[in-house]
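The figures that follow rest on heavy atoms only: side chains count, while hydrogens, waters and symmetry mates do not.
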Amino acid sequence: PPGVPVRSGMDENKPLKVRLTFSVILVGVSLLFAAVVTDHWAVLSPKVEEYNATCEAAHFGLWRLCIKRIFMQEQGPKEKGCGPISLPGEHNCSYFKHFTPGQSSEIFEVTTQKEYSISAAAIAIFSVGFAIIGTICVLLSFRKKRDYLLKPASMFYTFAGLCIIISVEVMRQSVKRMIDSEETVWIEYSYSWSFACACASFVLLFICGIALLLIALPRFPQNPWETCMDAEPEH
């Protein structure tokens, strides 16, 4: 029948589309893991009043705060803060006090950033969990043609993307509140590469999750008579 070759061609292309989409999703998952485990979401620096002396700049992620003592010389007219963070200096990292009791994290305790930090970390953990479950579903779908697992996998990836972008927004609000607070010495801030990895992972996971859902959906008949011609003949 004329409808059979069309459906056969679609069935042959579907595994290839799934594998290509899954390969892009793996890039997004890798960026997600990189963002969650690294400490370069934001960089903070205080105002420099004395040159030829050391100043302290900070960069932090979801779990740790790192302080770097940088020796500052004369700066340009547009530069006011301590840094850049890439300059050599003594480096000291510690986990946030609300994650590991006994560690020092005065910046987050004094400026009431504890709620923001815990919220961002918890939402990021949900994102990682959704990404792991989605990956397991896709891998299982490759065995014995369990295509029905692609639909929940696509939803898990979409949820993972939404969770990580919410975590990004919580972190952004945290930095903004910290800079606006009069209780801190930080006047300059910038978002670093971990923050960029989180944003990129949201784009890849969200878009590819929807694409995977569209691929997993059954193809609608293009012509009214395809359904009738594909039906099994009555005996």
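- Side chain of S194 to backbone of A35: no donor-acceptor contact under 3.5 angstrom is found.
- Nearest heavy-atom pair across S201 and G28 is CB-O, 3.3 Å.
- Separating the CG atom in L212 from the CZ atom in F156 is a distance of 12.5 Å, to the nearest 0.5 Å.
- Looking only at side-chain heavy atoms (C-beta outward), W193 and T38 come within less than 4.5 Å of each other.
- Shown here for S154 and G209, the closest heavy-atom pair between the two residues is CB-O, 3.1 Å.
- A chain of hydrophobic side-chain contacts below 4.5 Å, direct or via other Ile, Leu, Val, Met, Phe, Trp or Tyr residues, connects F202 to F22.
- Contact of the F60 side chain with the L44 side chain is registered, since non-hydrogen atoms from C-beta on lie closer than 4.5 Å.
- Other residues, nucleotides and ligands contribute at most 12 non-hydrogen atoms within 6.0 Å of the CZ atom of F159.
- Atom CG of L26 and atom OG1 of T21 lie 11.0 Å apart (nearest 0.5 Å).
- Scanning both residues, V36 and V128, for their nearest heavy atoms gives CG2-CG2, 3.9 Å.
- The structure places CD1 of I207 at 10.5 Å from OG1 of T158, a figure rounded to the nearest 0.5 Å.
- Minimum interatomic distance between H59 and D39 (heavy atoms only, all atoms of both residues): ND1-O, 2.7 Å.
- Residue pairs meeting the salt bridge (Lys or Arg N to Asp or Glu O under 4.0 Å) criterion with at least one member in residues 162-175, sequence neighbours excluded: E169-R172.
- Across every non-hydrogen atom of K151 and L217, the tightest pair is CE-CD2, 4.3 Å.
- If you take CG on L204 and CD1 on I164, they are separated by 12.5 Å, rounding to the nearest 0.5 Å.
- Here W63 contributes atom CH2 and S117 contributes atom OG; the two are 8.0 Å apart, rounded to the nearest 0.5 Å.
- Taking the six-membered ring where tryptophan is involved, the planes of Y191 and F195 are essentially parallel, since the angle between them stays under 30° and well short of 60°.
- Residues I165 and V29 are members of one and the same hydrophobic cluster, defined by side-chain heavy-atom contacts under 4.5 angstrom among Ile, Leu, Val, Met, Phe, Trp and Tyr.
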Side-chain donor-acceptor distances from residues 133-142 under 3.5 Å, at least two apart:
{"from": "T135", "atom 1": "OG1", "to": "A131", "atom 2": "O", "distance (Å)": "2.8"}
{"from": "T135", "atom 1": "OG1", "to": "Y157", "atom 2": "OH", "distance (Å)": "2.8"}
{"from": "S141", "atom 1": "OG", "to": "V138", "atom 2": "O", "distance (Å)": "2.5"}

> Between F33 and I132, does a side-chain contact (heavy atoms from CB on, under 4.5 Å) hold up when you go through it step by step?
Replying inline: CA-CA 10 Å; F33 276 99; I132 292 174; 4.1 Å; yes
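- Cluster annotation: L205 is connected to I125 through the hydrophobic network of ILVMFWY side chains, with a link wherever side-chain heavy atoms come within less than 4.5 Å.
- Residues V24 and L20 fail the side-chain proximity criterion, which asks for heavy atoms closer than 4.5 Å.
- Cluster membership check: W41 does not share its hydrophobic cluster with L31, using side-chain heavy-atom separations under 4.5 Å among Ile, Leu, Val, Met, Phe, Trp and Tyr.
- Contact between I123 and C163 at its shortest, heavy atoms only, is CG2-O, 3.0 Å.
- Two residues are said to be in side-chain contact when any heavy atoms from C-beta on lie closer than 4.5 Å; L62 and S167 meet this criterion.
- Distance CG/L213 to CE/M155: 6.5 Å, rounded to 0.5 Å.
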